[in-house]
Protein chains: 2
Amino acid sequence: MARQKHRQDGQCPVARSLEQVGDAWSLLIVRNAFDGMRRYGEFLDDLGIARNILADRLRRLVEAGILEQVAAADGGSHSEYALTRRGKDLFPVIVGLRQWGEAHLYGKGERHSKLVARADGKPLPPMRPLGRDGRPLEADDTLVKRIA
Amino acid sequence: MARQKHRQDGQCPVARSLEQVGDAWSLLIVRNAFDGMRRYGEFLDDLGIARNILADRLRRLVEAGILEQVAAADGGSHSEYALTRRGKDLFPVIVGLRQWGEAHLYGKGERHSKLVARADGKPLPPMRPLGRDGRPLEADDTLVKRIA
DNA sequence: CCGTATCCATTCCGATACTG
DNA sequence: CAGTATCGGAATGGATACGG
């Protein structure tokens, strides 16, 4: 979407985040990166994305500090893309999208991939915003405090 | 992005979610809806979005079951847009984007709006995926189990 | 194998005008 | 005020060809 269009969008972290990852390709690339994917060709094959678009998105993600280029693990001449700390911090966003999709977008018999704990192989419970006391908060339990 | 392009994307809840809310305008509308915004004109003014685009996004969000049209609160002839249960369940996604933006996209002195608990007015702690034992999980502590 | 460059079609989007 | 209609420009995306 157009960059920095609206006057007060710079003050809303949601809007600012969406300027960086507010398109589907970027988030799918990040999703795959969480899945261990690191190479241009892997993204290309798995996503079915056009080469120029992939190159563009990778460049933007690197510029945004979400991915970084590192030397190839196999010592080859190419470079690979790895999540930075900032990129890894997008984990809750991906999990949120995943769990929403799981809950609402599949029919009863329809199968889908599942996010599980590595330790026991069991699905994660739904991630929820918590208050300071550790109890789950609904949207109605919160409000956005605007700055002057 | 193009709808349902890739072969196995239907099996990934992240991809399927992004088909519904994978563009910035939709998520900004949902963000505003969480903020209590309900009317066409309010969205129009606040987002600075073009009229046709807003109409299109509202229509899609209604079709997706994320918003529903309800009679105006003031008894006027127009209708308003309210989050459905499914729409409210996007709360963690919005919170995830917000907290990531807060953590990474603002300079030290730069101010931004804050999500706070209604009860005490204090900011929410970072939302994190938890394991079944209630302890936070990093991305590396999880894996995506694909279906056969 | 990793990208870049180019071409073309499609979509997105903003501005404006218009209707109920 | 809520939405539709249309127009033109810009960005997106796919396909292909090319170069390191």
Side-chain angles (χ1 to χ4, degrees), chain A residues 1-9 15 18-30 32-33 36-64 67-82, chain B residues 1-9 15 18-30 32-33 36-64 67-82:
Chain A
M1 93 165 207
R3 308 273 159 188
Q4 196 68 12
K5 184 181 0 314
H6 190 49
R7 42 199 172 290
Q8 66 199 8
D9 269 3
L18 289 174
E19 287 173 22
Q20 313 265 337
V21 294
D23 78 286
W25 283 132
S26 297
L27 286 172
L28 286 175
I29 290 170
V30 170
N32 282 6
M37 198 169 288
R38 298 170 66 90
R39 290 173 51 171
Y40 182 90
E42 293 179 297
F43 291 113
L44 195 66
D45 291 344
D46 183 81
L47 295 174
I49 187 177
R51 304 182 80 90
N52 52 346
I53 303 299
L54 175 59
D56 176 74
R57 292 300 189 277
L58 287 173
R59 191 181 321 115
R60 286 196 200 189
L61 289 169
V62 169
E63 282 173 6
L67 296 178
E68 60 182 345
Q69 286 185 287
V70 298
D74 62 0
S77 62
H78 64 282
S79 60
E80 301 188 344
Y81 296 89
Chain B
M1 93 163 208
R3 307 275 158 185
Q4 195 67 13
K5 183 182 3 315
H6 190 51
R7 41 199 172 290
Q8 66 199 8
D9 269 2
L18 289 173
E19 287 173 22
Q20 313 266 335
V21 294
D23 78 287
W25 283 133
S26 297
L27 285 173
L28 286 175
I29 290 170
V30 169
N32 282 5
M37 198 169 287
R38 300 169 64 92
R39 290 172 52 170
Y40 181 91
E42 292 178 299
F43 291 113
L44 195 66
D45 291 344
D46 183 81
L47 295 175
I49 187 177
R51 304 182 79 89
N52 52 347
I53 302 299
L54 175 59
D56 175 74
R57 292 301 189 278
L58 288 172
R59 191 180 318 115
R60 285 196 200 190
L61 288 169
V62 169
E63 283 173 7
L67 296 178
E68 61 182 344
Q69 285 184 288
V70 298
D74 62 359
S77 61
H78 64 280
S79 60
E80 301 188 343
Y81 296 90

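Reminder, nothing fancy here: chain letters follow the sequence lines and each chain counts from 1.
Across all strands, B/Asn52 comes closer than 4.0 Å to base atoms (heavy-atom distances). At a threshold of 4.0 angstrom between heavy atoms, the contacts of B/Glu42 with the nucleic acid are absent. At a threshold of 4.0 angstrom between heavy atoms, the contacts of B/Glu80 with the nucleic acid are absent. Using a 4.0 Å heavy-atom cutoff across all strands shown, B/Phe43 reaches no nucleic acid atom at all. Residue-level contact check: B/Arg51 touches the bases, meaning some heavy atom is under 4.0 Å from a base atom.
Regarding B/Leu28, its CG atom lies at a distance of 16 Å from the P atom of C/dC12, rounded to whole Å. When the C1' atom of C/dG3 is taken as reference, atom CD1 of A/Ile29 falls 14 Å away, rounded to whole Å. In this structure, the CZ atom of B/Arg59 is 14 Å from the C1' atom of C/dC12, given to the nearest Å. Between A/Leu44 atom CG and C/dC2 atom C1' there is a gap of 10 Å when expressed in whole angstrom units.
Using a 4.5 Å cut-off on side-chain heavy atoms (C-beta onward), B/Ile29 and B/Leu54 make contact.
Minimum atom distance to the side chain of B/His78 is reached by D/dA2, of the listed D/dG14, C/dT4, D/dA2. Side-chain atoms of B/Arg60 lie closest to C/dC12 of the nucleotides C/dG3, D/dT12, C/dC12.
Across all non-hydrogen atoms, the minimal contact from A/Ala82 to A/Val70 is CB-CG2, 4.4 Å.
The side chain of A/Tyr40 contributes no N or O atom lying less than 4.0 Å from OP1 or OP2 of C/dT4. Note on B/Arg39: a side-chain N or O is less than 4.0 Å away from OP1 or OP2 of D/dA2. Applying the 4.0 Å criterion to OP1 and OP2 of D/dG13, one finds that A/Arg57 has a side-chain N or O inside that range.
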Read 5' to 3' with Watson-Crick or G-U pairs under 3.5 Å, [ ] for crossing pairs and | for partners on another strand, DNA chain C gives |.||||||||||||||||||
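Counted by atom type alone, A/Tyr81 and A/Glu68 present zero donor-acceptor pairs between their side chains at under 3.5 Å.
Between atom CG of residue B/Asn52 and atom CG of residue B/Asp56 there is a gap of 8.0 Å, rounded to the nearest 0.5 Å. Between B/Arg60 atom CZ and B/Glu19 atom CD the span is 11.5 Å, to the nearest 0.5 Å.
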